[in-house]
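The sequence lines fix the lettering, A, B, ..., with proteins before strands; numbering per chain opens at 1.
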Protein chains: 2
Amino acid sequence: MNEHIKPDQCQIQEALGTLVGKWKPIILLYLMKEGTQRFSELKREIPEITQKMLTKQLRELEAEGIVAREVYPEVPPKVEYSITEYGRDLQPILEAMHEWGEKHAQYKKENA
Amino acid sequence: MNEHIKPDQCQIQEALGTLVGKWKPIILLYLMKEGTQRFSELKREIPEITQKMLTKQLRELEAEGIVAREVYPEVPPKVEYSITEYGRDLQPILEAMHEWGEKHAQYKKENA
DNA sequence: CCGCATCCCAGCCGATACTG
DNA sequence: CAGTATCGGCTGGGATGCGG
């Protein structure tokens, strides 16, 4: 494949926009790995995140159609989050980025 | 492949860190497509960018080992930028993100 | 031609406190 | 349990101007 993306109509930012956010990749990985998760489960798995940020990042992912939010009208409240089918399309990209990221971390150590 | 990245040792941010920056993807695309480019050539191809930002983003890419910077000590000055071999590894990822980005732009239009 | 210095603002993110 | 509300710091990025 020696085809080049035309820089002037590049859609990379479109993808970056959905992934950028301090906690988004990690949230997506948990949802992809564990499946549907409650808010409190995610919070427990990512202890350093604040409730505010967890809410915010989830809402943004939801707005992009990548994460689904299901509210159960009970007391106490229960809200579940999951990856949408559409969101699954991101998985190979995340994996590729993770793999490259590992190499890059190594590279930086060598050239430190 | 049904292997999952362990979220607690995810290196996605490592890759995102190198790509995030308002102009980085487009700069990389130009360098990948056109090969070695002078500062002023890039500036001409991306007119909306300021000199300051072009310098800054190039320097950051250089610091990551993705872009090479060659200075010719002439008057007037001449500086050339190119993708390093190491940087080429990013190309498939950029292509995957671009492809997903196209779909996503479409998706958002439909659900507008 | 290439780049640095300065000033400025918007938006991300954290800490903390409060609520149905 | 799953959120909001408020305050405040920090940084990315734009505008503009100077310099070798």
Interatomic distance, [X] [atom1] vs [N] [atom2] [rounded to whole Å]:
X       : N      : atom1 : atom2 : answer
B:Gln13 : C:dC12 : CD    : P     : 15 Å
A:Glu74 : D:dG3  : CD    : P     : 13 Å
A:Glu70 : D:dG3  : CD    : P     : 13 Å
B:Glu60 : C:dC4  : CD    : P     : 12 Å
A:Lys78 : D:dC1  : NZ    : P     : 13 Å
A:Leu42 : D:dC1  : CG    : P     : 14 Å
B:Met53 : D:dT16 : CE    : P     : 16 Å
B:Lys56 : D:dT11 : NZ    : P     : 11 Å

Report yes if at least one side-chain N or O of [X] is closer than 4.0 Å to OP1 or OP2 of [N]; otherwise report no.
X       : N      : answer
A:Gln57 : C:dC13 : yes
A:Arg69 : D:dG3  : yes
B:Lys43 : C:dC1  : no
B:Arg38 : C:dC1  : no
B:Ser40 : C:dC2  : yes
A:Tyr81 : D:dG3  : yes

Identified side chain to side chain contact (heavy atoms under 4.5 Å, CB included) partner of A:Leu16 from the options A:Leu19, A:Ile12, A:Thr18: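 Single pass found, and it is A:Ile12.
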
Mind checking [X] for me? I need base, sugar-phosphate or nothing, with any heavy atom below 4.0 Å counting as a touch.
X       : value
A:Arg59 : sugar-phosphate
A:Glu41 : nothing
A:Glu48 : nothing

A:Lys22 or B:Val71, whichever maps to the more 5' nucleotide of DNA chain C: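 It is B:Val71, whose closest nucleotide lies nearer the 5' terminus.
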
DNA chain C: 5'-proximal contact among A:Lys52 and B:Leu58 (nearest heavy atom):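 Mapping each residue to its closest nucleotide by heavy atoms, the 5'-most match is B:Leu58.
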
Donor-acceptor pair between B:Gln106 and B:Glu110 side chains, under 3.5 angstrom: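 On atom types as modelled, these side chains qualify, holding a pair under 3.5 Å.
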
In terms of side-chain heavy atoms of [X], which of [options] is nearest?
X       : options               : result
A:Pro77 : D:dA2, C:dG14, C:dC2  : D:dA2
B:Trp23 : D:dG14, D:dG3, C:dG14 : D:dG14
B:Thr55 : D:dG3, D:dG13, C:dC4  : C:dC4

NZ-CE distance between A:Lys24 and A:Met53, expressed to the nearest 0.5 angstrom: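 It comes to 8.5 Å.
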
Residues B:Glu60 and B:Lys56 bridged, charged N to O under 4.0 Å: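 Yes.
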
Test item: A:Leu94 and A:Met32 side chains (from C-beta on) under 4.5 Å apart, heavy atoms: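 Counting from C-beta outward, A:Leu94 and A:Met32 do come under 4.5 Å.
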
Geometric class of the B:Tyr107/A:Tyr86 ring pair [parallel <30°, tilted 30-60°, perpendicular >60°]: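 Ring orientation of A:Tyr86 relative to B:Tyr107: parallel.
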
